[in-house]
Protein chains: 2
Amino acid sequence: MSRNTIAKTRILEIIQGSSIALTHAAIQEQTRDVCDRVTIYRILDRLVNENEIHRIVNVNGVVNFAACKRCSHSSHHHDHIHFSCIKCGELTCFEDQSIDLNLPSKYIIQEYQLTVAGICGKCS
Amino acid sequence: MSRNTIAKTRILEIIQGSSIALTHAAIQEQTRDVCDRVTIYRILDRLVNENEIHRIVNVNGVVNFAACKRCSHSSHHHDHIHFSCIKCGELTCFEDQSIDLNLPSKYIIQEYQLTVAGICGKCS
DNA sequence: TTATTTTAGCAACAAAGTTGCATTAATATG
DNA sequence: CATATTAATGCAACTTTGTTGCTAAAATAA
Ligand SMILES: [Mn+2]
Ligand SMILES: [Mn+2]
Ligand SMILES: [Zn+2]
Ligand SMILES: [Zn+2]
């Protein structure tokens, strides 16, 4: 069973308290004296496996993490749209926005990553 | 003006001759004695800027490259679906599949990356 | 053919992520 | 509450991916 350590609690708080998705580097800056950077990687993995947070790959390939409302619920999914602003750099979840996929029937869909890049509402 | 060197021609041939998208590492394996790995990065950048190929970010964050039919045409775009098989690892373009986005009007969309992960037709 | 400009190679560097192992902390059990 | 058990952490070392500066070598223009 997974243990709730100080570092894990702190990192989950940071992610849940953020309105935007955060990179490992951004989390590291906020946890300077809490734990090692390797520990952050391991805690992020654990939180993803425990469905507390989800992983978002930005259009540039950089991995981000966010907690969304559905995360805590069972039978949840993260198939929503993410928006990455090229001006302010913020990566935001659009939890109410999903899409329809029409792939050939032989294809079994497990998950998808949809990240839209452009200029956000604040920056336009 | 961009110059058509041996390495650039060879790399474009490899990408155009492939039915699946290729990573820098995969391209490097096929160009062992052709050129340096830094040169491959620079050629890939050039080919993207010249709209000969396009860049796809996989669900794991790994960058892939593919040439699609629309690439050579002017006013083309790469807003199509990509499928990443978790069994065979192949990343395929679905050039005929696009999606509808309904973001708030203040959001200006520039590009998107949509990669679906699951089991492909061959592996299911 | 020679001048000009782009491209290539090389070394060095940086960011992101992984692994092994000894130590420390959290939880379970008596 | 004490201690055994197991999970988490820190640290060092390493890998992968990508970038930058600079000189040498090619490609194209004149
Ligand atoms: Mn999200
Ligand atoms: Mn494609
Ligand atoms: Zn913005
Ligand atoms: Zn497959």
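Proteins get letters first, then strands, A, B, ... in listed order; numbering begins at 1 in each.
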Exercise for review: Rounded to the nearest angstrom, tell me the gap between atom CG in N58(B) and atom C1' in dT17(D).
Suggested key: 15 Å

Review point. Are the aromatic rings of Y41(B) and H24(B) close, with centres under 6.0 Å apart?
Key: yes

Check your understanding: Atom OG of S98(B) and atom CG of D79(B): how far apart are they, to the nearest 0.5 Å?
Key -> 8.0 Å

Review point. Bend angle of the helix from dT1(C)-dA30(D) to dG30(C)-dC1(D) from five-pair axes at both ends, rounded to 10°?
Key: 30°

Check your understanding: Would you say the side-chain atoms of Q97(B) pair up with the backbone N or O of N102(A), donor to acceptor, closer than 3.5 Å?
Key -> yes

Point to revise | Euclidean distance, atom NZ of residue K8(B) to atom P of dG9(C) [Å, nearest integer] | key: 15 Å

Check your understanding: Is the closest side-chain heavy-atom distance between D96(A) and H80(A) below 4.5 Å?
Key -> no

Study note, to complete from the structure: When rounded to whole Å, the CD1 to C1' distance for the pair I40(B) and dT20(D) reads 18 Å

Practice item. Check whether the side chains of T23(A) and N64(A) place a donor and an acceptor atom closer than 3.5 Å, and report yes or no. Key: no

Revision key, fill the gap. Protein-proximity profile, nucleotides 24-29 of chain C, B/S/- by nucleotide at the 4.0 Å heavy-atom cutoff, equals -BBS--

Practice item. Could you tell me the separation between the CG atom of L44(B) and the C1' atom of dT7(C), rounded to a whole number of Å? Key: 14 Å

**Study point:** Footprint string (nucleotides 16-23 of chain C, 5' to 3'): B base within contact, S backbone only, - free, heavy atoms under 4.0 Å
**Key:** SBBBB---

Study note, to complete from the structure: For V59(B), the hydrophobic cluster (side chain heavy atoms closer than 4.5 Å, chained through members) also holds none

Check your understanding: Can you check side-chain hydrogen bond (donor to acceptor under 3.5 Å, both in side chains) on T9(B) and N4(B), steps first, answer last?
Key -> CA-CA 6 Å; T9(B) 306; N4(B) 290 315; 5.3 Å; no

Review point. Between the side chains of T39(B) and K8(B), is a donor N or O closer than 3.5 angstrom to an acceptor N or O?
Key: no

Practice item. Send over the distance from L47(A) CG to dA7(D) C1', rounded to a whole Å. Key: 15 Å

**Study point:** Separation of dA8(C) C1' from I11(B) CD1 (nearest whole Å)
**Key:** 11 Å

Point to revise | By salt bridge (Lys or Arg N to Asp or Glu O under 4.0 Å) - contacts of R10(A) (at least two apart) | key: E13(A)

Check your understanding: Starting at CD of Q28(B) and ending at C1' of dG9(C), how long is that distance when rounded to a whole Å?
Key -> 14 Å

Check your understanding: What integer distance in Å separates D33(A):CG from dG10(D):C1'?
Key -> 15 Å

Review point. Between CD of E90(A) and CD1 of I20(A), what distance do you get to the nearest 0.5 Å?
Key: 4.0 Å

Practice item. Could I get the full list of ring-ring contact (aromatic ring centres under 6.0 Å, His included) partners for Y107(B), not counting sequence neighbours? Key: F83(A), F94(A)

